[in-house]
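In what follows, chains are A, B, ... by sequence order, proteins preceding strands, each numbered from 1. Just so it is clear, the model here is predicted, and its values are computed rather than measured.
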Protein chains: 4
Amino acid sequence: MAGVNKVILVGNLGRDPEVKHLESGSVVANVTLATTEAYKDRSGNRVENTEWHDLEMWDGQAKVAEQYLRKGSQIFVEGKIKSDTWQDEQGNNRKKVRIRVLSFTMLGSRNAEGGAPGGSSSNAGQSQPAPNKAQPAASMPSSGGNIDDVEDDLPF
Amino acid sequence: MAGVNKVILVGNLGRDPEVKHLESGSVVANVTLATTEAYKDRSGNRVENTEWHDLEMWDGQAKVAEQYLRKGSQIFVEGKIKSDTWQDEQGNNRKKVRIRVLSFTMLGSRNAEGGAPGGSSSNAGQSQPAPNKAQPAASMPSSGGNIDDVEDDLPF
Amino acid sequence: MAGVNKVILVGNLGRDPEVKHLESGSVVANVTLATTEAYKDRSGNRVENTEWHDLEMWDGQAKVAEQYLRKGSQIFVEGKIKSDTWQDEQGNNRKKVRIRVLSFTMLGSRNAEGGAPGGSSSNAGQSQPAPNKAQPAASMPSSGGNIDDVEDDLPF
Amino acid sequence: MAGVNKVILVGNLGRDPEVKHLESGSVVANVTLATTEAYKDRSGNRVENTEWHDLEMWDGQAKVAEQYLRKGSQIFVEGKIKSDTWQDEQGNNRKKVRIRVLSFTMLGSRNAEGGAPGGSSSNAGQSQPAPNKAQPAASMPSSGGNIDDVEDDLPF
DNA sequence: TTTT
DNA sequence: TTTT
C-alpha cells in the first residue's frame with residue numbers, strides 16, 4: 001500500500017499557460033513543458049531528444065502561472081503522475097497522462113534583467129503582455145503566494 | 001536545452017513482468033506498477049487512490065526483472081517519462097506514456113524469509129515458478145548483475 | 001532565490017528511534033538510517049558501502065516513528081538537508097548535517113505477515129516490544145495519522 | 001541491503017569552483033552551493049533560510065565546472081550524500097558530509113545573452129575571467145563532454 | 001559565500 | 001510547441 005509517485009522536471013514552456021477560471025471558483029492552468037536531453041549517438045553525432053509533458057496546476061499555483069509564466073519560461077517542477085481513463089466512441093479504453101504539479105520554481109530569472117525579459121519568443125501574439133519576468137519583490141502577489149516555490153496540496 | 005526528466009516510484013507489480021527476447025538480442029520487460037496513496041476526504045473517511053504506471057526495462061534490467069520480479073513485488077524505481085506518438089486509423093493524434101526505467105531496487109525482501117516469499121498472490125498460474133525472493137548473495141546472477149540496484153543506461 | 005533542497009533515501013534503521021517529548025508539547029524523533037550500495041571493484045569483487053544518515057522527525061511523524069519504526073525497519077524517506085553550525089570550545093567552526101524528514105513510508109511490511117514481523121534483528125533488547133509491523137488498517141492511529149505516508153510541514 | 005541515497009538541489013554557487021588537478025591525473029572540483037527557501041512566519045513576515053552544501057565533482061564533471069561555473073551560477077544537481085569520518089586530535093569522532101555530484105545542469109543561461117553574462121557579481125577579483133556563460137555549442141569540450149548535463153559515474 |  |  002505504501003506508495004511513492006514523484007516526478008521532477010526541469011524544462012521550458014512550449015506555450016503560454018492556458019488558464020481557466022471555473023464557476024466553482026477553482027482555477028486550473030494547463031502547461032506544456034519540454035525536457036530536452038542531448039547525447040552522442042554511436043557515430044559521435046550530437047542528437048537531441050525532446051519529451052513533452054502536460055502539466056496541470058490548480059488555484060494559487062495556477063494564478064502564479066498565469067501571472068508569471070510564459071512561453072519559453074524555464075521552471076523546476078515537482079509533481080506526480082496522474083492519469084484519466086475513459087472509453088472513446090469506439091469503445092476503446094483510453095488513457096491520458098498528466099503531471100499534477102505539487103510545486104514549481106522559476107529558474108534563471110536572475111540574468112533576465114539586463115535584456116528583454118523572456119526574450120522575443122516569450123510573448124507570442126496570442127498572449128497578453130508578459131509581466132516583468134525579473135520578479136521584483138514589489139510585484140509579488142499580496143495574497144502571500146510565493147512566486148519562487150509555489151505549493152498546492154490537494155489529496156490527489 | 002538544459003533538461004531534467006525524472007520519475008521516482010515505489011509500488012507493487014500488478015502482474016508478472018512480460019518479457020520479450022528480441023531477434024536483435026535485446027530483451028525488454030513490460031511491467032505494470034501500482035502506486036497507491038491514501039488520504040482522508042472532507043468527511044474524514046479514508047480514501048485510496050491507485051495510479052497504474054507502465055514501465056519499460058531493457059536488457060540486463062529486463063533479465064533481472066524476469067528472474068526476480070513477480071506480481072505483488074514491491075520495488076523502488078527511478079526512470080524517466082517517455083512517450084510514443086502516432087496517428088490512429090481515424091487520423092487522430094495518439095500518445096502513449098511509459099516510464100523508461102533507469103534503475104530499480106527490490107524492497108522488503110529482507111523480512112520475507114520467514115514466510116512464503118512474495119505471498120500467495122505473487123506467483124500466478126501464467127508464470128514460471130518464482131525464485132526465492134529473499135535474494136541471498138549466493139543466488140546473484142553470475143553475470144555481475146546487481147539484484148538490488150539494476151541500472152541500464154541507454155541514451156534515451 | 002529559487003531553491004530546491006531535496007533528499008530521497010531508502011534504507012534501514014540502525015537503532016530504534018530515540019524519541020523526546022519536549023516541554024513545549026513538541027515531539028522529536030532521531031533516527032539513524034543506513035543506505036547501502038553494492039558494486040564491483042576493478043578486480044570484480046563485490047564491495048559494499050554503507051552511508052549513515054541522521055534523520056530528524058517532528059510531532060505527528062515522530063509519534064508514528066515511535067510507534068511503528070524499529071531497528072531494522074526499512075523506510076522510504078523524503079526530506080531536506082539541514083545543518084546546524086556552531087563554534088566548539090576551541091573556537092573552531094563546526095557543522096552537523098541532518099536530514100529533516102518531510103515524509104516517510106514504511107516498506108516491505110506487506111509480505112512480513114507470514115513470519116516474525118521485522119525479523120529477529122528488528123527488536124533488540126533495549127527497546128520496547130515491537131508493534132505488529134504488518135500495519136492492519138485497524139491499528140491505525142485514531143488521530144488520523146497515516147502510517148504509510150507521514151507528512152509534517154514546518155517552514156524549515 | 002537495497003539502498004537509495006539521492007540528493008536533488010537547485011541553487012547558486014557561493015564562490016568560483018576550487019579545482020585541483022591531482023598527480024594521479026584525476027581532477028576534483030569543490031563547490032559550495034546555496035539553496036534558499038523563503039516562507040512567511042507566524043506574523044506574516046517573509047523569512048529566508050539558506051542552506052550551504054559542499055559539493056564534490058570529479059574528472060570530466062570537474063573540468064566542466066572549472067570551465068563554465070562561476071560564483072553565482074545557478075545549477076541543478078543530482079548526487080548522493082557521502083561522509084568522511086575520522087578522529088580529531090582530541091580523539092573525538094568527527095564527520096564531514098559532502099554531496100558527491102552524479103550529474104549537474106546549468107540553468108537560466110538562455111537569458112544571459114542580452115546582458116553581462118553572469119552579472120557583475122559572478123566574476124569576483126579572485127577568479128579567472130569568466131567564460132561566456134551563454135554556452136555556445138562551439139565552445140563545447142571536444143572531449144564529448146556535455147555542458148548541459150554532466151555525468152560521472154564512480155562506484156562511490 | 002549565492003540568489004531574490 | 002520550448003530551449004541550446
Between [N] ([atom2]) and [X] ([atom1]): distance, integer Å:
X	N	atom1	atom2	answer
Asn30(D)	dT1(E)	CG	P	18 Å
Glu51(A)	dT3(F)	CD	P	18 Å
Asn12(A)	dT4(F)	CG	P	7 Å
Leu33(D)	dT2(E)	CG	P	13 Å
Leu69(D)	dT3(E)	CG	P	14 Å
Ile75(D)	dT3(E)	CD1	C1'	13 Å
Asn5(B)	dT2(F)	CG	P	18 Å
Asp16(D)	dT3(E)	CG	P	11 Å

Taking the minimum atom-to-atom distance to the side chain of [X], which one of [options] wins?
X	options	answer
Thr32(A)	dT1(F), dT2(F), dT3(E)	dT1(F)
Thr50(A)	dT2(F), dT3(E), dT1(F)	dT2(F)
Arg15(D)	dT1(E), dT3(E), dT1(F)	dT1(E)
Ala34(A)	dT2(F), dT2(E), dT4(F)	dT2(F)
Thr36(A)	dT1(F), dT3(E), dT3(F)	dT3(F)

Check: Do His53(A) and Thr35(A) have a side chain donor and acceptor closer than 3.5 Å?
Finding: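 Checked: His53(A)/Thr35(A) side chains pair up, N/O donor to acceptor below 3.5 Å.
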Next item on the list: Check for a donor-acceptor pair, side chain of Asn5(D) on one end and backbone N or O of Ile81(D) on the other, with a separation under 3.5 Å.
Entry: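 Judged by distance alone, yes, a pair lies under 3.5 Å.
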Item checked: Check: Asp54(C) side chain, Arg98(C) main-chain N or O, donor-acceptor pair, under 3.5 Å ->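 Such a contact is absent between Asp54(C) side chain and Arg98(C) backbone.
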Check: Are any of the side-chain nitrogens in Glu48(A) or Arg46(A) under 4.0 Å away from the carboxylate oxygens of its partner?
Finding: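 Yes.
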Note to self: Counting only heavy atoms from other residues, nucleotides and ligands, does the tally under 6.0 Å from NZ of Lys20(A) exceed 12?
What the structure shows: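 Result for NZ/Lys20(A): open.
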Notebook entry, point to check: Ring stacking, Trp52(A) with base of dT2(F), under 5.5 Å and under 30°?
Noted result: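 Trp52(A) vs dT2(F): stacking no.
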